[in-house]
Amino acid sequence: MMATMWSPSESGLRGASARVLLVEDETELAEMLAELFTEEGYVVDVAHDGHTGLHYGLTRGYDVAVLDRGLPAVDGLDLLARLRRSGIVIPVLILSALGNPADRVAGLDAGAEDYLAKPFDVDELLARLRALRRRHLDTARLLPVGDAHLDLDSSEVVTATGRIRLSARERDLLATLAGRPRQVFGRDDLLALAFPEAENPVVVDTYVHYLRRKLGRGVIETVRGRGYRLGRPAT
Ligand code: CA
């Protein structure tokens with residue numbers, strides 16, 4: 001029998017920990033911040049130049065990013081603008097020695113959510129990161145799916161290592177299941193809730209199949225004789 005538990009942690013994810021991208025070229029400061037973030041429970045990736053930071057930001061999933069402005073290869077504002085143009089919506093805090101009002105305006109206009117001038121107070125930095133994450137979770141319409149999240153606006157499943165795009169129908173079905181994670185839904189219920197324009201409940205099975213193919217078999221659990229429910233991640 002195939003396992004029905006869905007465990008993204010098998011692929012090296014640690015969903016309980018928020019992931020932070022830190023792009024800072026001053027090695028000592030980067031080390032100090034990485035240590036601080038780790039102590040706070042974040043999983044930290046450090047990039048020492050803008051090119052590496054951009055690569056990480058585009059290819060790995062983060063919950064929040066802290067960017068220096070003056071960086072080798074690609075400067076912080078350019079890096080941020082490129083992330084935004086690529087549809088990366090993670091909240092970004094800019095940490096910069098440039099702290100006058102015009103500098104802050106430039107940072108916010110480039111797409112940053114927050115801006116902190118150096119030298120800074122570490123407790124303030126940590127508090128601002130917590131606030132950014134809270135606001136982001138409040139506004140992003142994210143539904144937990146195991147250790148990952150379904151982003152209802154972008155129709156993507158966001159894991160710690162990337163994003164998996166869903167079709168509109170796949171999203172609607174997964175959102176229905178994830179909206180009440182403990183409930184077992186009959187096929188007719190799912191047809192009415194997720195596919196109101198369809199008539200044949202076979203469409204439910206078809207999209208369960210598509211979701212399992214994209215996200216792993218255990219993402220949806222079959223409850224024999226009753227229907228389907230969201231898979232329960234192994235803990
Ligand atoms: Ca710098």
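Starting from 1, each residue takes its place in the sequence as its number. Ligands are counted one by one from 1 in listed order, and the atoms in each one are counted from 1 as well.
- Defined by atom type and a distance below 3.5 Å, a donor-acceptor pair is present between the side-chain atoms of Arg212 and Thr222.
- Remark: the Ser155 side chain and the Arg171 side chain contain an N/O donor-acceptor pair separated by less than 3.5 Å.
- Of the N and O atoms on the side chains of Tyr228 and Asp205, at least one donor lies less than 3.5 Å from an acceptor on the other residue.
- There is a side-chain donor-acceptor pair under 3.5 Å between Asp45 and Tyr62.
- Counting only protein N, O or S atoms, 3 lie closer than 3.0 Å to the Ca ion (ligand 1).
- The aromatic rings of Phe195 and Tyr207 are tilted relative to each other, their planes meeting at an angle between 30° and 60°.
- Considering only heavy atoms from C-beta on, Lys214 stays 4.5 Å or farther from Val157 through its side chain.
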